[in-house]
There are 2 protein chains.
Amino acid sequence: MTFDELIRRSQEACDALSEADDGLKREILAHAGNRWSLGVVHALGVAGTLRHSDLARRLEGVTQRMLTRTLRQLERDGLISRHDHREVPPRVDYSLTDLGRGLLTGMMPLWAWVIDNAESFRDARSRFDREQA
Amino acid sequence: MTFDELIRRSQEACDALSEADDGLKREILAHAGNRWSLGVVHALGVAGTLRHSDLARRLEGVTQRMLTRTLRQLERDGLISRHDHREVPPRVDYSLTDLGRGLLTGMMPLWAWVIDNAESFRDARSRFDREQA
DNA sequence: CCGCATCCTATACGATACTG
DNA sequence: CAGTATCGTATAGGATGCGG
(Lines give C-alpha, C1' and ligand atoms only; values in the text may rest on other atoms or scores of the structure.)
Protein backbone atom coordinates (compact mmCIF):
# COMPACT_ATOMS: atom_id res chain seq x y z
CA MET A 1 0.00 0.00 0.00
CA THR A 2 1.33 3.42 -0.91
CA PHE A 3 1.55 6.24 1.56
CA ASP A 4 -1.26 8.14 -0.15
CA GLU A 5 -3.56 5.12 -0.02
CA LEU A 6 -2.73 4.73 3.63
CA ILE A 7 -3.58 8.38 4.24
CA ARG A 8 -6.84 8.09 2.37
CA ARG A 9 -7.87 5.11 4.45
CA SER A 10 -6.91 6.80 7.68
CA GLN A 11 -8.90 9.83 6.54
CA GLU A 12 -11.96 7.65 6.06
CA ALA A 13 -11.39 5.98 9.40
CA CYS A 14 -11.00 9.36 11.06
CA ASP A 15 -14.21 10.70 9.53
CA ALA A 16 -16.05 7.71 10.94
CA LEU A 17 -14.73 8.39 14.42
CA SER A 18 -16.85 9.68 17.21
CA GLU A 19 -15.17 12.25 19.41
CA ALA A 20 -15.24 9.72 22.22
CA ASP A 21 -13.34 7.21 20.11
CA ASP A 22 -10.74 9.81 19.27
CA GLY A 23 -10.33 10.59 22.95
CA LEU A 24 -10.05 6.88 23.69
CA LYS A 25 -7.30 6.46 21.12
CA ARG A 26 -5.29 9.32 22.55
CA GLU A 27 -5.84 8.03 26.06
CA ILE A 28 -4.65 4.52 25.29
CA LEU A 29 -1.59 5.85 23.50
CA ALA A 30 -0.91 8.23 26.36
CA HIS A 31 -0.99 5.30 28.79
CA ALA A 32 1.34 3.38 26.49
CA GLY A 33 3.72 6.31 26.69
CA ASN A 34 3.82 6.25 30.48
CA ARG A 35 7.05 5.42 32.19
CA TRP A 36 6.42 1.74 33.04
CA SER A 37 3.37 0.58 31.12
CA LEU A 38 5.17 -0.90 28.16
CA GLY A 39 7.70 -2.60 30.42
CA VAL A 40 4.93 -4.29 32.39
CA VAL A 41 3.03 -5.40 29.29
CA HIS A 42 6.20 -6.70 27.69
CA ALA A 43 7.33 -8.54 30.83
CA LEU A 44 3.94 -10.21 31.18
CA GLY A 45 3.98 -11.08 27.49
CA VAL A 46 7.31 -12.81 27.91
CA ALA A 47 6.69 -14.48 31.27
CA GLY A 48 2.95 -15.13 31.10
CA THR A 49 2.19 -14.57 34.78
CA LEU A 50 4.13 -12.57 37.34
CA ARG A 51 3.70 -11.42 40.91
CA HIS A 52 4.05 -7.81 41.97
CA SER A 53 7.55 -8.49 43.35
CA ASP A 54 8.58 -10.31 40.16
CA LEU A 55 7.64 -7.27 38.12
CA ALA A 56 9.45 -4.98 40.58
CA ARG A 57 12.63 -6.99 40.02
CA ARG A 58 12.32 -6.99 36.23
CA LEU A 59 11.58 -3.29 35.93
CA GLU A 60 14.76 -1.86 37.32
CA GLY A 61 14.22 1.40 39.12
CA VAL A 62 10.45 1.20 39.52
CA THR A 63 9.07 2.09 42.93
CA GLN A 64 6.24 0.20 44.62
CA ARG A 65 4.05 3.23 44.28
CA MET A 66 4.52 3.60 40.53
CA LEU A 67 4.27 -0.14 39.88
CA THR A 68 0.97 -0.35 41.74
CA ARG A 69 -0.34 2.73 39.98
CA THR A 70 0.72 1.36 36.57
CA LEU A 71 -0.86 -2.03 37.27
CA ARG A 72 -4.15 -0.41 38.34
CA GLN A 73 -4.21 1.69 35.21
CA LEU A 74 -3.53 -1.29 32.95
CA GLU A 75 -6.15 -3.31 34.80
CA ARG A 76 -8.67 -0.51 34.42
CA ASP A 77 -7.93 -0.40 30.70
CA GLY A 78 -8.61 -4.14 30.53
CA LEU A 79 -5.06 -4.94 29.37
CA ILE A 80 -4.05 -7.07 32.34
CA SER A 81 -5.92 -9.21 34.82
CA ARG A 82 -5.24 -9.30 38.55
CA HIS A 83 -5.67 -12.43 40.64
CA ASP A 84 -5.53 -12.13 44.41
CA HIS A 85 -5.00 -15.55 46.00
CA ARG A 86 -6.10 -14.11 49.36
CA GLU A 87 -3.32 -15.81 51.27
CA VAL A 88 -1.11 -14.65 54.09
CA PRO A 89 1.45 -13.48 53.24
CA PRO A 90 -0.25 -11.80 50.28
CA ARG A 91 0.02 -13.42 46.90
CA VAL A 92 -1.25 -11.55 43.86
CA ASP A 93 -0.37 -12.28 40.29
CA TYR A 94 -0.88 -10.51 37.03
CA SER A 95 -1.16 -11.66 33.43
CA LEU A 96 -2.10 -10.21 30.06
CA THR A 97 -5.70 -10.35 28.91
CA ASP A 98 -6.53 -11.00 25.28
CA LEU A 99 -6.83 -7.26 24.91
CA GLY A 100 -3.36 -6.83 26.39
CA ARG A 101 -1.88 -9.39 24.01
CA GLY A 102 -3.57 -7.54 21.19
CA LEU A 103 -1.99 -4.27 22.24
CA LEU A 104 1.44 -5.88 22.47
CA THR A 105 0.95 -7.36 19.00
CA GLY A 106 -0.21 -4.04 17.59
CA MET A 107 2.72 -2.20 19.15
CA MET A 108 5.41 -4.42 17.67
CA PRO A 109 5.59 -2.87 14.18
CA LEU A 110 5.73 0.62 15.61
CA TRP A 111 8.29 -0.40 18.17
CA ALA A 112 10.49 -2.06 15.58
CA TRP A 113 10.19 1.02 13.41
CA VAL A 114 11.34 3.32 16.22
CA ILE A 115 14.35 1.10 16.89
CA ASP A 116 15.20 0.92 13.19
CA ASN A 117 15.12 4.70 12.98
CA ALA A 118 16.79 5.43 16.31
CA GLU A 119 19.78 6.97 14.59
CA SER A 120 17.59 9.25 12.48
CA PHE A 121 15.87 10.48 15.63
CA ARG A 122 19.16 11.22 17.33
CA ASP A 123 20.49 12.98 14.23
CA ALA A 124 17.36 15.09 13.89
CA ARG A 125 17.46 16.08 17.52
CA SER A 126 21.12 17.01 17.63
CA ARG A 127 20.72 19.01 14.42
CA PHE A 128 17.74 20.84 15.88
CA ASP A 129 19.54 21.58 19.13
CA ARG A 130 22.59 22.83 17.24
CA GLU A 131 20.48 25.18 15.12
CA GLN A 132 18.77 26.61 18.17
CA ALA A 133 22.11 27.46 19.79
CA MET B 1 3.04 -15.32 13.25
CA THR B 2 1.79 -16.68 16.57
CA PHE B 3 1.75 -14.61 19.72
CA ASP B 4 4.57 -16.65 21.25
CA GLU B 5 6.77 -16.18 18.21
CA LEU B 6 6.04 -12.48 18.35
CA ILE B 7 7.01 -12.40 22.00
CA ARG B 8 10.22 -14.31 21.36
CA ARG B 9 11.23 -11.83 18.66
CA SER B 10 10.41 -8.86 20.83
CA GLN B 11 12.45 -10.47 23.60
CA GLU B 12 15.43 -10.73 21.27
CA ALA B 13 14.93 -7.17 20.12
CA CYS B 14 14.68 -6.01 23.70
CA ASP B 15 17.87 -7.80 24.72
CA ALA B 16 19.68 -6.04 21.90
CA LEU B 17 18.47 -2.65 23.10
CA SER B 18 20.71 -0.15 24.73
CA GLU B 19 19.17 1.68 27.62
CA ALA B 20 19.21 4.83 25.49
CA ASP B 21 17.18 3.10 22.77
CA ASP B 22 14.63 1.98 25.31
CA GLY B 23 14.33 5.52 26.60
CA LEU B 24 13.98 6.77 23.03
CA LYS B 25 11.13 4.36 22.35
CA ARG B 26 9.27 5.45 25.43
CA GLU B 27 9.89 9.08 24.63
CA ILE B 28 8.56 8.83 21.08
CA LEU B 29 5.47 6.99 22.27
CA ALA B 30 4.98 9.54 25.03
CA HIS B 31 5.07 12.33 22.46
CA ALA B 32 2.61 10.39 20.32
CA GLY B 33 0.34 10.25 23.34
CA ASN B 34 0.39 14.00 23.79
CA ARG B 35 -2.81 15.93 23.32
CA TRP B 36 -2.27 17.27 19.80
CA SER B 37 0.70 15.44 18.27
CA LEU B 38 -1.25 12.76 16.43
CA GLY B 39 -3.72 15.32 15.15
CA VAL B 40 -0.94 17.43 13.68
CA VAL B 41 0.83 14.48 12.09
CA HIS B 42 -2.42 13.18 10.65
CA ALA B 43 -3.50 16.58 9.33
CA LEU B 44 -0.15 17.09 7.64
CA GLY B 45 -0.32 13.56 6.24
CA VAL B 46 -3.70 14.34 4.70
CA ALA B 47 -3.01 17.89 3.52
CA GLY B 48 0.68 17.71 2.70
CA THR B 49 1.60 21.25 3.78
CA LEU B 50 -0.20 23.53 6.19
CA ARG B 51 0.36 26.89 7.82
CA HIS B 52 0.15 27.42 11.55
CA SER B 53 -3.30 28.99 11.19
CA ASP B 54 -4.50 26.12 8.97
CA LEU B 55 -3.56 23.64 11.65
CA ALA B 56 -5.20 25.77 14.33
CA ARG B 57 -8.45 25.62 12.37
CA ARG B 58 -8.27 21.86 11.81
CA LEU B 59 -7.44 20.99 15.41
CA GLU B 60 -10.54 22.23 17.11
CA GLY B 61 -9.84 23.53 20.58
CA VAL B 62 -6.08 23.86 20.33
CA THR B 63 -4.56 27.08 21.65
CA GLN B 64 -1.73 28.90 19.93
CA ARG B 65 0.54 28.08 22.81
CA MET B 66 -0.05 24.33 22.64
CA LEU B 67 0.07 24.23 18.86
CA THR B 68 3.41 26.01 18.79
CA ARG B 69 4.75 23.78 21.53
CA THR B 70 3.55 20.64 19.74
CA LEU B 71 5.07 21.78 16.44
CA ARG B 72 8.43 22.49 18.10
CA GLN B 73 8.43 19.10 19.71
CA LEU B 74 7.61 17.32 16.46
CA GLU B 75 10.23 19.37 14.67
CA ARG B 76 12.83 18.51 17.29
CA ASP B 77 11.96 14.84 16.86
CA GLY B 78 12.53 15.20 13.13
CA LEU B 79 8.93 14.28 12.28
CA ILE B 80 7.95 17.56 10.63
CA SER B 81 9.84 20.29 8.83
CA ARG B 82 9.26 24.00 9.34
CA HIS B 83 9.67 26.50 6.54
CA ASP B 84 9.68 30.19 7.39
CA HIS B 85 9.11 32.30 4.26
CA ARG B 86 10.38 35.35 6.16
CA GLU B 87 7.64 37.56 4.86
CA VAL B 88 5.57 40.27 6.49
CA PRO B 89 3.01 39.32 7.63
CA PRO B 90 4.67 36.09 8.75
CA ARG B 91 4.18 33.00 6.64
CA VAL B 92 5.39 29.67 8.02
CA ASP B 93 4.38 26.28 6.78
CA TYR B 94 4.83 22.78 8.03
CA SER B 95 4.97 19.39 6.37
CA LEU B 96 5.84 15.83 7.27
CA THR B 97 9.39 14.58 6.85
CA ASP B 98 10.10 11.06 5.64
CA LEU B 99 10.47 10.15 9.29
CA GLY B 100 7.08 11.65 10.04
CA ARG B 101 5.46 9.71 7.22
CA GLY B 102 7.11 6.58 8.59
CA LEU B 103 5.65 7.21 12.02
CA LEU B 104 2.19 7.76 10.59
CA THR B 105 2.51 4.53 8.63
CA GLY B 106 3.73 2.64 11.67
CA MET B 107 0.93 4.01 13.82
CA MET B 108 -1.90 2.96 11.53
CA PRO B 109 -2.17 -0.72 12.57
CA LEU B 110 -2.14 0.20 16.24
CA TRP B 111 -4.60 2.98 15.69
CA ALA B 112 -6.95 0.72 13.75
CA TRP B 113 -6.65 -1.89 16.47
CA VAL B 114 -7.63 0.58 19.19
CA ILE B 115 -10.69 1.68 17.20
CA ASP B 116 -11.67 -1.92 16.50
CA ASN B 117 -11.51 -2.68 20.19
CA ALA B 118 -13.05 0.54 21.46
CA GLU B 119 -16.03 -1.31 22.83
CA SER B 120 -13.85 -3.78 24.71
CA PHE B 121 -12.01 -0.89 26.31
CA ARG B 122 -15.22 0.76 27.41
CA ASP B 123 -16.60 -2.52 28.74
CA ALA B 124 -13.44 -3.26 30.68
CA ARG B 125 -13.39 0.20 32.19
CA SER B 126 -17.02 0.25 33.25
CA ARG B 127 -16.65 -3.22 34.75
CA PHE B 128 -13.57 -2.12 36.67
CA ASP B 129 -15.24 1.06 37.93
CA ARG B 130 -18.32 -0.91 39.01
CA GLU B 131 -16.22 -3.42 40.95
CA GLN B 132 -14.33 -0.67 42.75
CA ALA B 133 -17.56 0.87 43.95
C1' DC C 1 0.12 35.78 11.20
C1' DC C 2 3.05 33.67 14.15
C1' DG C 3 5.07 33.30 18.41
C1' DC C 4 6.28 34.45 23.12
C1' DA C 5 5.65 35.62 28.27
C1' DT C 6 3.03 35.01 32.30
C1' DC C 7 0.11 32.76 35.47
C1' DC C 8 -2.70 28.90 36.71
C1' DT C 9 -4.24 23.82 37.51
C1' DA C 10 -3.76 18.85 37.11
C1' DT C 11 -1.02 15.01 37.11
C1' DA C 12 3.18 11.98 36.32
C1' DC C 13 6.86 10.55 38.80
C1' DG C 14 9.80 9.79 42.75
C1' DA C 15 11.53 9.20 47.98
C1' DT C 16 10.20 7.63 52.15
C1' DA C 17 7.70 5.64 55.79
C1' DC C 18 4.00 2.85 57.25
C1' DT C 19 0.12 -1.21 57.50
C1' DG C 20 -2.30 -5.86 57.22
C1' DC D 1 4.44 -9.36 50.03
C1' DA D 2 1.32 -6.16 48.41
C1' DG D 3 -0.32 -1.88 49.04
C1' DT D 4 -1.25 2.91 51.06
C1' DA D 5 -0.12 7.70 52.74
C1' DT D 6 2.42 11.83 52.48
C1' DC D 7 5.74 14.58 50.91
C1' DG D 8 8.23 16.82 47.02
C1' DT D 9 9.53 18.25 41.89
C1' DA D 10 8.79 18.46 36.90
C1' DT D 11 5.97 18.99 33.14
C1' DA D 12 1.52 18.87 30.28
C1' DG D 13 -2.04 21.66 29.33
C1' DG D 14 -4.78 25.90 29.32
C1' DA D 15 -6.26 31.25 29.60
C1' DT D 16 -4.88 35.52 28.48
C1' DG D 17 -2.26 39.35 26.83
C1' DC D 18 1.85 41.41 24.25
C1' DG D 19 5.09 42.03 20.17
C1' DG D 20 7.46 41.72 15.60
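Protein chains get the first letters and strands the later ones, always in sequence-line order, with residue 1 at the start of each.
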*Asks:* Under the salt bridge (Lys or Arg N to Asp or Glu O under 4.0 Å) test, which residues partner B:Arg26, sequence neighbours left out?
*Replies:* none
*Asks:* For B:Ala32, is there any backbone N or O sitting under 3.5 Å from a side-chain donor or acceptor partner on B:Ser37?
*Replies:* no
*Asks:* Provide a list of protein-nucleic acid N or O atom pairs under 3.5 angstrom, restricted to nucleotides 2-6 of chain D.
*Replies:*
from  : atom 1 : to      : atom 2 : distance (Å)
D:dA2 : OP1    : A:Arg51 : NE     : 3.0
D:dA2 : OP1    : A:Arg51 : NH2    : 3.4
D:dA2 : OP2    : A:Ser53 : N      : 2.6
D:dA2 : OP2    : A:Ser53 : OG     : 2.7
D:dG3 : OP1    : A:Arg72 : NH2    : 3.3
D:dG3 : OP1    : A:Arg82 : NE     : 2.9
D:dG3 : OP1    : A:Arg82 : NH2    : 2.3
D:dG3 : OP1    : A:Tyr94 : OH     : 3.2
D:dG3 : OP2    : A:His52 : ND1    : 3.0
D:dG3 : OP2    : A:Tyr94 : OH     : 3.0
D:dG3 : N7     : A:Gln64 : OE1    : 2.7
D:dG3 : O6     : A:Gln64 : OE1    : 2.5

*Asks:* Run the side-chain donor-acceptor check on residues 86-95 of chain A: report pairs under 3.5 Å with partners two or more places apart or on a different chain.
*Replies:*
from    : atom 1 : to      : atom 2 : distance (Å)
A:Asp93 : OD2    : A:His85 : NE2    : 2.8
A:Tyr94 : OH     : A:Arg82 : NE     : 3.4
A:Ser95 : OG     : A:Ser81 : OG     : 3.2

*Asks:* Whole angstroms only, please: what is the CG-C1' distance between A:Leu29 and D:dA12?
*Replies:* 16 Å
*Asks:* Five pairs at each end of the helix from C:dC1-D:dG20 to C:dG20-D:dC1: take the axis at both ends and give me the angle between them to 10°.
*Replies:* 40°
*Asks:* Once side chain to side chain contact (heavy atoms under 4.5 Å, CB included) is applied, do any residues pair with B:Glu27, and if so which ones, sequence neighbours excluded?
*Replies:* A:Arg125, B:His31
*Asks:* Could you state the atom-to-atom distance from CD of B:Glu60 to P of D:dG13 in whole Å?
*Replies:* 18 Å
*Asks:* Output all residues satisfying side chain to side chain contact (heavy atoms under 4.5 Å, CB included) with A:Asn117, sequence neighbours left out; order by chain, then residue number.
*Replies:* A:Trp113, A:Ser120, A:Phe121, B:Leu99
*Asks:* Filter on salt bridge (Lys or Arg N to Asp or Glu O under 4.0 Å), then keep only pairs touching residues 94-106 of chain B, sequence neighbours left out; what's left?
*Replies:* B:Asp98-B:Arg101
*Asks:* Can you check the B:Leu59 CG to D:dG13 P distance for me, whole Å?
*Replies:* 13 Å
*Asks:* Under the salt bridge (Lys or Arg N to Asp or Glu O under 4.0 Å) definition, can you give me all pairs with a residue in residues 48-63 of chain B, not counting sequence neighbours?
*Replies:* B:Asp54-B:Arg57
*Asks:* Which residues pass the side chain to side chain contact (heavy atoms under 4.5 Å, CB included) test with B:Leu67, sequence neighbours left out?
*Replies:* B:Val40, B:His52, B:Leu55, B:Ala56, B:Leu59, B:Val62, B:Leu71
*Asks:* B:Arg69 side chain N/O closer than 4.0 Å to the phosphate oxygens (OP1, OP2) of D:dG13?
*Replies:* no
*Asks:* DNA chain D: B:His31 or B:Pro89, which has the more 5' nearest nucleotide?
*Replies:* B:His31
*Asks:* For B:Asp4, enumerate each residue passing the side chain to side chain contact (heavy atoms under 4.5 Å, CB included) test, keeping only those at least two apart in sequence or located in another chain.
*Replies:* B:Thr2
*Asks:* Without decimals, in angstroms, what is the distance between B:Asn34 CG and D:dG14 P?
*Replies:* 11 Å
*Asks:* Any salt bridge (Lys or Arg N to Asp or Glu O under 4.0 Å) involving residues 61-76 of chain B? Give me the pairs, sequence neighbours left out, ordered by first then second residue.
*Replies:* A:Asp129-B:Arg76
*Asks:* Give the first and the last nucleotide of DNA chain C, reading 5' to 3', that has any atom under 4.0 Å from a heavy atom of chain B.
*Replies:* C:dC1 to C:dT6
*Asks:* Hey, is CD on A:Glu5 packed in by over 12 heavy atoms from elsewhere, all under 6.0 Å?
*Replies:* yes
